[in-house]
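FYI, side chains are in, hydrogens and waters are out, and symmetry mates aren't considered; it's all heavy atoms of this structure. The sequence lines fix the lettering, A, B, ..., with proteins before strands; numbering per chain opens at 1.
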Amino acid sequence: MFSFLHAADIHLDSPLRGLETYDDAPVEQIRTASRRAFDNLVDLALEQEVDFVLLAGDLYDGDWRDYNTGLYFINRMGRLRENNIQAFLVSGNHDAASQITKALHLPGNVYHFSHHRPETRVLESLGVAIHGQSFSSRSVADNLARQYPEAIPGLFNIGLLHTSLTGRTGHASYAPCQLEDLLAKGYGYWALGHVHQREQVHQEPWIIFPGNIQGRHVRETGAKGCTLVQVEAGVVCQVEHVDLDVLRFSLCVVDLTPCTTFDDVRQEIHAGLHQERQSAQGRPVAVRLVLQGVTRLHSTLCIQSHLIHEEVRAMAADWGDVWLEKVVVETALPQEQLFSPALPDLFEAIENLNFDEQTWQEILPEFEALRSKLPAKLMEQDNLFQPQAHDLRHLGQAVRNLLMARLLGEHHEN
Amino acid sequence: MKINQLHLFAFGGFTDVTLDFSSPIPGLHVVYGPNEAGKSTALRGLLALLFGFPTRTPDNFLHAYSQLLVGGSLLGSDGSEFFLRRRKKLKNDLFDVQDNPLNAEVLTPFLHGLDQETFSRMHGIDHERLVQGGQGILEQQGEVGQALFSAGTGFASIRNVLSALEQEADLLFRPRSSKTELGQALIHYKELQTRMRQCILSSSDWKKHHQALTLAQSRYQDLTLEYRELARNVRVLEQLRQALPYIAQLQDVQEKLQALGTVQVVPEDFLQHRLELEEGIRLSRVELDGLWARHKTCLTRLAQLQPDAAILEHADLIEDLQQRLGEYRKAQTDRPRLEGQRISYKTEASRILHVIRPELPLEQVDILRPVLAKRKAIQSLEQEYALANQALLQSQKQVREVGEELKRLHKERDELSQHDDVHTLAQSVALAHKAGDLDLRAREVKTELEQRKKHAASCLQSLGLWSGAMEALPGLAVPLEETIAGFAADLDRVEEQVKEVERDKKHLESEHKTLMREMQLLEQGSNVPELAKLHQYRKRRDQGWQLVQRAWLGHEDVDHEAHSFDPVRPLAKAYTASVVDADEFADTMYKEAERIQKYTALTARLKSVRQEQEAYLQKQQELAQGKAELLDQWQHLWRKSDIHPLSPREMQAWLDKLEIVRALARDIIRLEKEVQDQEERRQEMIGLLYASLVLPVQENLSFTLVLHQAEIQLEDLRKIHSAREALVGVVHEKERFLAQCQFQENEARKVLQGLQEHWESVMDKLGFPPATQPGEASDHIEILQKMFVALDEAHTLEARQKGIDRDAQNFEISVRELAEKLELQEESQDLGFLVTRLKSRLQHALREQAVQEQQHDEIVTLEKEISDFQARQKAEEEGLELFLAQIGVSTVQESIVVEERWHRSQVLRARMDELDATLASIAQGKTVADLKALALTWEDQDLDGHIQTLQESLEQLEPEMQTLAEDIGREKHELSQMDGADSAARLNEDLEAELAKISRITQNYIQTMVAAFVLRQEIEHYRQQYQNPLLAKASDIFQTLTLGSFVTLRTDLDESDRPILLGVRSHDQRVPVEGMSSGTRDQLYLALRLASLVQQAELSGPMPFIVDDVLINFDENRIQATLQVLAELGEQFQIIMFTHQAIVRDFAANLGRDDRVFIHHL
């Protein structure tokens, strides 16, 4: 009987995105999250006394050049070596071209698979054969799996591969392959990487994306970690996902339809956030709060959105472990109010504002000066000036809310 | 929508006030209330009815929050009236008239889902907003779109919103400005980027340092090995150089030892032991010589001594004389002083005797000695006399004092006897106590009475319907409960019947309507053919046929009739036509038989329905009459008690309440009686107390106070009584004591008399005069005693003088005898000198005798010691011989030779060991043998030269090694800095946070810009759509409002080609908004506003327009003009105008538009 850990997409020293600091934000609690999550992985390996660890690509970010990151990695691999734990890794699209990968001299217990051809490492004492091939460059369009050798009879065969399979939403297509390609090899376990969302693609033989070990932005919500696998007599007898993340991203959608007063709104938000905190099991949580629902309070919410922001931040500060990423107001007025004949046309026009590509193109020239000033990194990350349909929808909603707030607020102030 | 009624049940200062806005056309309703009348309250009440109470309201000063209630009715666009009530509650505050909760949604059809703010803004205006609107038009520089939009939405100025958006965008970002929020963030971002780049460790850097370190370490290791080898060689040669002299010395010692050959072993402490023995023998010899010398000296001194034997024989006597000589000399000195003293004593005795018995000579004085023996008896008698006298005086004093005190006590007792009547007062007080706290009881009863009265009065007031005195209440004749219940049942029955009839009637009405609709449907297109009409057609045909027959067969002239049959056509044609008509009609009837049947049935049913309706009407009237009669009887029933009754059900409840009030009234009568009783009892008790009191009667004192006074007085009296009792006892005691004192006085007098007689007889016996007082007798005896003392002293001194003389004589005899015996020939005869000489000779003899004895003793001792030492000396000499035999010698000289050889061999061996040890320490790890062998190999070589060469090689290595060590240290330090630190990663995190901020600001900027863009677009859109119709309406209104000062409104383009609004006076004089007075601009805003409302009413149905005191700054003409406009618009939608200006009310009342202008007073 032996056991191993399967993790992928570590992205060491990659920063958390979209978290603008503010007073009372739990800044220190989320510092160096990727390292701390990786420390958790190493601790888990020692605690479980696993026989080896598999890292299925994207250990570093490609454009990250700080050699200290590599030194840190070697240091942690040293801890594994002291406890006779081996590690096997393949490069993925991110770390294939990494300067760090090229320069790093790995300790003896770590094996980095070649990018020239598939290789096989046999662990005689355990009866295990590990097959793997690294990415040779950032972008690999070939079906790498197809070149992997057939299973070695009498051994427990593991395939270590960075791939997008037949494609996964939100992930670029690399080393594409069909499920059948993998099944055809006759391996007992396929340790895949690249897809940040945990996914059990197949069972017997097991094909698993463990997801990344730490969520990095609000689109990577929920628990993150690695897979602990136990094999007995050549058969996988237990597959367990273990959380390693030190911070959770969460999308807290609160339906305000039942609310009739502002107090109700507060309570609903409080309850929603509280639930997110509970599901994070003591970790800090970075929350995007999305207020939805059909409510008469819609106008009030628009007018007082800054108040809500303040209040939610105060709630978060009370807890001390909640980081409010953003508050998005997506509520709507009840239908009868929306189409009330008493509402003058402008309100109706604003309420029905459909902000489309054409309007965007009309106004786009106004932003030319702004565009030239912004950092290139921001332009890579956010589609601020090339909005997709849903971005335009959100923009329309925000503008609608802003105008409602201003027009109605004008009255309030008077 | 229209507000029909506002009912302020309990709100602000209003209780149950109704404003009735129902009118055939919506109209202008002027609600007039002077200041403080509650105009604003009524307006708030209206809003509360529509939208609920705000969380905090100032309108609870009269009615508590829970009591606040407004109600009213709304008229929907479909003509239906909706009744509602609103309470102050957090949730579910809407109710119907039966107080059943209503869902808030029921108001949506009336209010179109508007919230209060939007409603107030769009369908309300006050003076402030009017002014703001006028100001807004100015700020917008008359921009048409904005002006129309502001007026259309009720916003004062849309310009503010737009410019606020633009300003915000400017704060977020401006090209070429780093002070904007985004500019600052970008600067910070760049700083962070620079810092991060500095922190980043490139892999080539690390490699470079790592390689340098490895190289340096390897070279350093090689050099270290070389250095160590050289150093080792130098060390070995240095050792050798150090060891060579010692090796030579060692050889020398070994040779010397060999030359000594075999040596007798001498024990270690042999020499010391031998010397000790020799020293012992020598000391013994010296000691013996000394002893012999001392022995000889003693013998010589003994021969020289011969002590005086004669004087030693009288030694004791000489010692005795020596002592007596001192006494002798002292007595010779004292004798003259004693003689003087004797004479002085004798003179004193003679003087004293002369004082008391001048006649008696000193020599005969002894006859007086017996008197001294009587001294004690006289002293005792004197004391007795004094005591008896004292006792008499004491008892006399006591008798006097007690007598005086008795007198005082008698007086006091007599005084206290005056106030002594305790019992009567005690009895009264006891009775008063038994009666209890009469004041409290009276007060309680009174209070209870008052409370009951108040309660009863308030009950009576809240009861209502009857106003009379409380006393009349128990006797008030009201109908029996059963009678009322009977009436209630009857009325309920009648009501039920009325409702039933009403319900049936409604059913009939709806059936009637249905029937009518169905008939109309049947009649649609063509009339339904009726049988009667067929008869008509046939009758006409028959009539034509008869005319034809008469003309054709009977040749009658039927022209006239034919003309009346058909004035146009000839008879034949007319007849044919009538036949065709009849046939066609018959055909039609045949074809539409079903429709006809249905129609007929409907007609029949309609008829019956109408009949039934009439019957129900009849029944309704009957029921109404029955109900009226019943109510008459009901009123009659109550007339006796002068009560205008409510409904029987209410009166049942009223009666229950009445019964409670009646019970209260009965209680009041009972309590009044009790109050009176209590007062009488109280007065009685006060009277009783005063009767026993020694106080003036005071009016209006409370019972408690009087009782308290009585208690105080009773306490005082009791105290006086007990004081007098105590005094009587004291007086008795004192009288007894006085008698005792008087008896003692008599006894003392008797004793004194007896003593006086005895005294006189004693004086006589002693020879003192009988008149001698007891003190004088003692004095005489004392003087006598002094005289005898002096006389006795003189006798004693005389005896001592005689003793001294006798002793001196005896001493002289003894001295002279001894001097003679010892043949002391001395010239001096002085006794003292003689004795001293004797003494000195005796001392000399004694000293010689003592020395002689001492010498004898010493000689004996010395002889014993000499013998002992001789024996010891011999033993020691024998011991030495035995000791020397140990090493095979017999004499000390031989022994010395042997010892010396042994010592020499020992010294050499020690030196050899020492050298071996030195060499071993030099060898350091090697054996001495190795060292010696090495020395052999290096014999005759240049050791120093070789060492120097090696050291030079070593010194050459050192600098390079030093440099390498420094290199290694530096590289290690560099690499230690590259320890996998996370500083760059942390800065990258900071960068990402800053990027998030930049992203947020950018998005805000985009949103703000887009919002401004959209708003501008929409305003333009609004303008394009509504400009013409709105301006046309607004022009008319504006003309009226400005009393024709402006004839119309126009649009034009300004210099920036923006459409702007202009007022046009007659003769086409155009006035921009900046050229208008502020009042005119207010009117312009009002005109636009009203035009928008008209348009809205046309588009989406009318809504009420609430106007709050907008006419404050208008002059009379313009007020009238405005009212005129509002009255006109009242035809289209309801206008409710709140005002505190009486002039506005009066103008409105006198507009002459009573059909649409209604005045309401608060």
field: Nearest non-hydrogen partners of L165(B) and L402(A), listed with the distance
entry: CD2-CD2, 4.1 Å
field: Note, F385(A) side chain near I1006(B) side chain (heavy atom, < 4.5 Å)
entry: yes
query: Taking everything shown except D23(A) itself, do over 12 heavy atoms lie less than 6.0 Å from its CG?
result: no
Residue pair I363(A) / M1009(B): nearest heavy atoms and the distance that separates them: CD1-O, 3.9 Å
Chain A contact via Q1017(B) - which portion, at a heavy-atom distance below 4.5 Å: side chain
query: Looking at P15(A) and N988(B), what are the two nearest heavy atoms and their distance?
result: CD-ND2, 3.4 Å
message: So for S202(B), is it side chain, backbone, both, or neither that comes closer than 4.5 Å to the heavy atoms of chain A?
response: backbone
message: Closer than 3.5 angstrom, by distance alone: can the side chain of R986(B) be matched with the main-chain N or O of T32(A) as a donor-acceptor pair?
response: no
field: Q361(A) atom CD, over 12 foreign heavy atoms within 6.0 Å
entry: yes
field: Test item: T359(A) and F1013(B) side chains (from C-beta on) under 4.5 Å apart, heavy atoms
entry: yes
- request: Would you indicate whether the side-chain heavy atoms of Q193(B) and K377(A) approach each other to under 4.5 Å?
  value: no
Closest non-hydrogen atom pair, G18(A) against A996(B): C-CB, 3.5 Å
message: For R216(A), is the CZ atom crowded, meaning more than 12 foreign heavy atoms sit under 6.0 Å from it?
response: yes
task: Taking all non-hydrogen atoms of both residues into account, name the closest pair between V399(A) and A1011(B) and its distance.
output: CG1-CA, 3.6 Å
Per-residue contact mode, L19(A) against chain B (heavy atom under 4.5 angstrom): backbone
- line: Turns out that what part of S34(A) lies under 4.5 Å from chain B's heavy atoms comes down to neither
- prompt: Closest heavy-atom contact between A984(B) and D66(A)?
  reply: CB-OD2, 3.1 Å
- prompt: So do Q1003(B) and H394(A) actually touch side chain to side chain, heavy atoms under 4.5 Å?
  reply: no
message: For K997(B), which atoms come within 4.5 Å of any heavy atom of chain A: side chain, backbone, both, or neither?
response: both
- request: Taking the side chain as every heavy atom from C-beta outward, state whether D990(B) and R31(A) have any atom pair closer than 4.5 Å.
  value: yes
field: Where at least one partner belongs to residues 162-184 of chain B, residue pairs that pass salt bridge (Lys or Arg N to Asp or Glu O under 4.0 Å), sequence neighbours excluded
entry: R406(A)-E168(B), E166(B)-R1016(B), E181(B)-R1000(B)
statement: Max heavy-atom pairs within cutoff under 4.5 Å with chain A, candidates T1002(B), D982(B), L991(B), L186(B), goes to D982(B)
Sub-4.5 Å side-chain heavy-atom contact between Y1005(B) and L370(A): yes
- prompt: Under 6.0 Å from the CZ atom of R371(A), do we count more than 12 heavy atoms belonging to anything else shown?
  reply: yes
message: Can you confirm whether L16(A) sits close enough to E989(B) that some side-chain heavy atom of one is under 4.5 Å from a side-chain heavy atom of the other?
response: no
task: Using a 4.5 Å cut-off on heavy atoms from C-beta on, say whether the side chain of L374(A) contacts that of L182(B).
output: yes
Interface moiety of I30(A) toward chain B, non-hydrogen atoms closer than 4.5 Å: backbone
